[in-house]
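Bear in mind that the values here come from a model prediction, so they are computed numbers and not experimental data. Lettering follows sequence order; numbering is per chain, from 1. All values below come from the heavy atoms of this structure, side chains included, with hydrogens, waters and symmetry mates left out.
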Amino acid sequence: MKESLAKLNPQQREAATTLEGPLLILAGAGSGKTGTMTHRIAYMIREAGVDPWSILAVTFTNKAAREMRDRVEALVGSVQGMWIQTFHSACLRILRVHAERLGYGKNFVVYDPVDQKSVIKSILKELDMDPKRYTPSYVLSEISHAKEQAKDPAQYRRDFGDQIPYSDLAELYERYEQELKKNNAMDFDDLILRTVQLFERHPDILAQYQKRFRYLMVDEYQDTNMLQYKLVYMLASVHRNLCVVGDDDQCIYQWRGADIRNILEFEKDFPGAKVIKLEENYRSSAHILSGAHSVISNNRGRKAKKLWTRAEEGEKIEYYRASDDREEARYIAGRIEAMMRREPDLTFSDFAILYRTNVQSRRFEESLSGRGIPYQVLSGLRYYDRKEIKDILAYMRLVLNPADDVGLLRIINEPRRGIGAKSQADLETLARVENRNIMDVLREEEIVASFPRKTADSLRMFVQAIDALHIEQEHTSVSDLYDAILVRTGYVEALEEQRTVEADSRIENLMEFKSVILEKERERSALDEPLTLLAFLEELALISDVDNHDPREDAVSLMTLHSAKGLEFPVVFMPGMETGIFPSYRTIDGGEGLEEERRLCYVGMTRAKKKLYMTSAEWRMLYGKTELTSESMFLKEIDRKTMTGDAVYDRKADDTSFARYDKKAPYSDGPYVSPLASLRATREKQAEKKTLAGQDVEAGWIVSHAKFGTGTVIEASGNVLTVIFDEHGTKKLAKDLAPMRRVDPS
DNA sequence: GACATATCTAAAGCC
DNA sequence: TAGATATGTC
């Protein structure tokens with residue numbers, strides 16, 4: 001034990017042995033944060049005699065929770081009794097016990113963003129609001145924000161008044177809440193919000209948890225939002241044994257509601273708090289570390305701290321400006337290949353390409369597979385987001401909780417049963433009018449009979465199937481139920497009939513999913529508790545995608561800068577160092593947004609252990625257009641002593657250099673237009689396109705004239721738009737042109 | 001109701 | 001460009 005504490009440096013040791021009172025650990029990138037936290041737990045148990053049962057450690061991701069659990073287990077042998085969980089799973093665990101005190105049914109389900117979206121869509125239809133003005137994602141982000149501020153619809157209305165769009169949003173929010181409640185469902189934000197409400201409304205329950213969790217730890221504290229703060233505050237307010245760990249320089253989720261003030265003002269919120277800084281970096285070589293530091297020090301309002309390392313200088317950061325995005329990708333693949341050849345110790349898994357946006361991944365996939373380099377992409381798409389998996393999960397959910405209208409609508413015509421959009425809309429209306437659930441309505445023969453005969457038959461069969469499965473659910477294992485669903489609903493059969501490659505891979509996925517279930521059942525039976533359907537769905541509802549990253553796989557990792565947080569690689573590439581991409585064009589005006597981009601840059605750079613490459617492309621194809629780019633301001637912020645490569649200068653500021661770039665792009669025509677100007681121009685052009693017809697079309701834009709019937713058709717095109725008009729200025733559709741003869745545009 | 005075609009839009013994504 | 005959604009046609 002003493003021996004393991006001896007591995008810690010003095011600050012880490014102090015952090016690990018300070019158990020009482022509020023404690024803020026400012027843990028810089030690569031400073032051994034997780035090790036310190038796990039040793040702290042081990043110290044509690046083995047030295048201080050703390051009952052594991054009284055420890056609650058919260059993280060943001062399943063991955064972080066799992067890692068902490070594994071490492072604690074390695075130190076003390078067992079994690080029995082402790083809660084080492086994500087915010088959401090801890091809350092869900094609490095809510096499962098007390099849901100009824102809040103008016104929810106015991107079997108409430110958790111809605112994911114897709115489910116939320118369909119709720120909003122159907123409400124928009126009901127209220128006859130414009131889904132373009134109120135896009136589901138906009139409405140949901142508004143609702144999510146409100147929930148993060150613990151505002152209910154009434155409060156929202158009070159705060160924003162009855163002006164458009166807020167009055168509409170308030171109404172949508174209100175209906176949304178009713179709908180979820182009616183469906184016995186909670187969204188992700190609810191998990192936290194309802195727990196806070198549970199504690200507020202039932203002090204006896206709060207007291208029970210306060211008494212139990214005498215030792216609280218919160219990881220990634222800079223990412224907490226107001227609600228999470230409130231939750232932590234409530235739980236810690238009596239004993240005040242609260243330890244939070246974080247790094248304000250790595251706060252990259254403000255757009256998601258994280259409130260950086262939580263960490264900046266911890267000492268104010270918890271007077272008498274002790275602050276310990278972990279500033280020794282064990283990850284990166286000195287050049288990389290000081291390069292990263294020179295960037296982040298451009299931010300204002302940081303906690304004072306500076307990482308240092310005993311490591312040697314190492315290689316400098318290498319910057320390369322490619323001619324275009326393809327060449328950039330070729331360069332990176334080439335570097336990987338060359339290094340692999342030169343240094344036998346390296347494996348493909350030592351490399352990571354960290355980009356700002358997911359669309360950038362395509363070029364790298366091309367260049368890597370072109371050279372036969374194995375890679376894994378961590379995309380936003382989760383395995384469990386695949387259609388077939390979500391369908392089956394919807395069936396399972398419905399079987400458990402027949403009130404789940406969203407799940408029902410998802411699969412009532414999946415596979416096709418002849419219950420189309422019209423019938424579904426009717427069902428929704430019927431249910432709404434009587435304020436009942438659809439499943440409920442469907443049990444009434446009178447209603448079912450009012451549908452066309454074929455539809456009515458399908459509806460009856462559907463209800464029968466779900467009811468039968470519902471009964472079966474009570475006495476069969478999850479895996480058997482799964483099989484029963486696949487068969488009973490005709491889902492697999494329908495896929496088999498399709499006989500397409502796509503359908504085959506869906507079937508394969510469904511089989512793979514079965515093995516996931518079996519695996520979970522095996523895990524559970526080892527603990528001597530059978531896997532219930534509820535427990536299974538619960539676990540899946542909270543699963544995330546960073547889990548897809550497999551560090552053992554011998555492949556180059558491709559992911560966004562955001563998902564790279566917490567990871568490290570010997571060699572890191574950061575492509576796309578260009579204004580508009582990184583920093584994103586939405587933030588280049590400066591302000592908080594830009595500071596967050598800079599923190600993201602810092603996070604990216606500090607992922608590298610031995611070698612960091614940064615690249616940009618002179619010409620980049622984005623949204624179907626190729627444009628001249630200018631180099632990211634972050635490149636200019638890097639201390640020149642730590643970096644090699646082409647000189648970095650701002651071409652836009654240097655007017656005399658323009659002539660050099662007034663040349664044709666590899667894939668586009670037209671004179672040089674700055675990226676932003678061109679973005680604006682595109683919008684305007686699209687708005688004006690009608691006026692183009694019949695008039696002199698801008699020189700250089702005419703691709704062809706053609707005879708069409710009696711009139712002339714002009715096909716105007718730049719890399720911006722392709723529009724075809726007839727002589728009256730009416731836009732022609734592509735199919736109209738089929739019989740058209742092209743003539744030379746002379 | 002299913003399928004084909006046209007149109008629109010564009011970040012990051014933890015749970 | 002590419003994907004998601006709206007609209008049109010059989």
Side-chain angles (χ1 to χ4, degrees), chain A residues 58-65 85-92 110-113 117 121 131-132 135-137 141 144 148 186-192 219-220 223-225 227-228 252-258 325 354-360 362-363 378-382 385 413 416-424 452 454-455 458 538-547 559-566 576 580-587 593 596-597 599-600 603-604 620-626 667-668 679 682-683 686 689 719-723 731-736:
Chain A
V58 249
T59 65
F60 273 84
T61 65
N62 290 303
K63 191 167 165 250
Q85 290 188 288
T86 64
F87 267 104
H88 292 82
S89 64
C91 286
L92 182 54
V110 179
Y111 276 1
D112 73 5
K117 252 190 193 161
K121 278 186 196 158
K132 282 204 180 113
T135 59
S137 57
S141 84
S144 176
E148 274 160 11
M186 293 197 202
D187 62 24
F188 285 136
D189 296 316
D190 279 333
L191 295 179
I192 318 282
D219 189 18
E220 307 279 18
D223 287 337
T224 48
N225 63 29
L227 262 189
Q228 288 157 335
I252 54 173
Y253 286 113
Q254 272 182 295
W255 53 273
R256 215 161 62 184
D325 47 352
L354 310 179
Y355 34 77
R356 178 67 238 271
T357 68
N358 275 310
V359 284
Q360 289 171 262
R362 228 194 72 218
R363 284 270 175 264
L378 240 95
S379 75
L381 197 79
R382 308 180 302 171
D385 279 342
N413 199 31
R416 301 275 142 84
R417 298 187 174 90
I419 306 170
K422 176 76 171 64
S423 311
Q424 289 180 31
K454 272 186 117 177
T455 312
S458 296
E538 200 141 281
E539 212 173 310
L540 285 194
L542 299 182
I543 222 144
S544 76
D545 80 312
V546 194
D547 300 342
M559 66 185 91
T560 62
L561 288 155
H562 281 93
S563 25
K565 188 165 88 160
I581 292 198
F582 195 29
S584 146
Y585 72 90
R586 297 170 191 227
T587 63
E596 181 151 322
E597 294 284 298
R599 291 193 288 268
L600 188 58
V603 166
R620 178 173 303 275
M621 158 108 93
L622 250 187
Y623 305 141
K625 289 186 303 166
T626 303
Y667 317 112
S668 83
L679 191 84
T682 306
R683 300 262 149 80
Q686 278 175 345
K689 48 189 164 184
N719 45 7
V720 177
L721 73 159
T722 304
V723 202
K731 203 165 149 195
K732 302 310 281 186
L733 304 176
K735 65 176 169 43
D736 297 331

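- A close approach under 4.0 Å does occur between a side-chain nitrogen or oxygen of A/Arg416 and OP1 or OP2 of B/dA2.
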So which protein N/O to nucleotides 2-4 of chain C N/O distances come out below 3.5 Å?
residue	atom	partner	partner atom	Å
C/dA2	OP1	A/Arg362	NH1	3.0

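- When the nearest nucleotides of DNA chain B are assigned to A/Lys422 and A/Thr587 by heavy-atom distance, the more 5′-ward of the two goes with A/Lys422.
- For B/dA10, the OP1/OP2 oxygens have no side-chain nitrogen or oxygen of A/Thr357 closer than 4.0 Å.
- Proximity note for A/Arg356 (side chain, C-beta onward) versus B/dA12, B/dA10, C/dT1: the nearest is B/dA12.
- The shortest distance between the side-chain N/O atoms of A/Asn225 and the OP1/OP2 oxygens of B/dC14 is not below 4.0 Å.
- Residue A/Asn358 places at least one side-chain N or O closer than 4.0 Å to OP1 or OP2 of B/dA12.
- Qualifying side-chain contact (heavy atoms from CB on, under 4.5 Å) partners for A/Thr357, counting only residues two or more places apart in sequence or in other chains: A/Val359, A/Gln360.
- Note that CG of A/Leu622 is 4.5 Å distant from CD1 of A/Ile581, once rounded to the nearest 0.5 Å.
- With no hydrogens or angles considered, a side-chain donor-acceptor pair links A/Ser563 and A/Thr560 at under 3.5 Å.
- For the C1' atoms, the distance from B/dA11 to C/dA6 is 24 Å, rounded to whole Å.
- One interatomic measurement links the two molecules: CZ of A/Phe188 to P of B/dC14, which rounds to 11 Å at whole-angstrom precision.
- Spacing between C/dT5 and B/dA12 at atom C1', rounded to whole Å, works out to 23 Å.
- Atom CG in A/Asp112 sits about 13 Å away from atom C1' in B/dG13, given to the nearest Å.
- Ranking B/dC14, B/dA11, C/dT1 by closeness to the A/Arg586 side chain, first place goes to B/dA11.
- Between A/Lys117 atom NZ and C/dT5 atom C1' the separation is 11 Å, expressed in whole Å.
- A donor-acceptor contact shorter than 3.5 Å links the side chain of A/Ser458 to the backbone of A/Lys454.
- Taking atom P in both C/dA4 and B/dG13, one finds a spacing of 16 Å when rounded to whole Å.
- In this structure, A/Ser584 and A/Asn413 both approach DNA chain B, and ranking their closest nucleotides by distance from the 5' end singles out A/Asn413.
- In this structure, the side chain of A/Asn413 engages the main chain of A/Gly418 through a donor-acceptor pair within 3.5 Å.
- Considering only the side chain of A/Ser423, B/dG1 comes nearest among B/dC14, B/dA11, B/dG1.
- Ring pair A/His562/A/Trp255 is perpendicular by interplanar angle, where above 60° counts as perpendicular and below 30° as parallel.
- Distance A/Leu92 CG to B/dC14 C1': 16 Å, rounded to the nearest Å.
- Scored by the side-chain contact (heavy atoms from CB on, under 4.5 Å) test, A/Ser423 finds A/Ile419, A/Phe451, A/Thr455 as partners (sequence neighbours excluded).
- Put simply, CZ on A/Arg356 and CG on A/Leu561 are 7.0 Å apart, with the number rounded to the nearest 0.5 Å.
- Between A/Thr560 and the phosphate of B/dG13, there is a side-chain N or O to OP1/OP2 separation shorter than 4.0 Å.
- Among the heavy atoms of the strands, none lies under 4.0 Å from A/Gln85.
- Look at CG on A/Leu378: it is 9 Å from P on B/dG13, rounded to the nearest Å.
- For the side chain to side chain contact (heavy atoms under 4.5 Å, CB included) criterion with A/Lys565, the lone passing option out of A/Leu600, A/Asp223, A/Thr61 is A/Asp223.
- Among the atoms of the strands shown, only primed sugar atoms or phosphate atoms (P, OP1, OP2) are found under 4.0 Å from some heavy atom of A/Phe60.
- For B/dA12, the base is not stacked against the aromatic ring of A/Tyr253, per a cut-off of 5.5 Å between centres and 30° between planes.
- Straight-line distance from the CH2 atom of A/Trp255 to the P atom of B/dG13: 6 Å, rounded to whole Å.
- Separating the CZ atom of A/Arg363 from the P atom of C/dT1 is a distance of 11 Å, rounded to the nearest angstrom.
- Atom C1' of nucleotide B/dG13 and atom CD of A/Gln360 are separated by 16 Å, given to the nearest angstrom.
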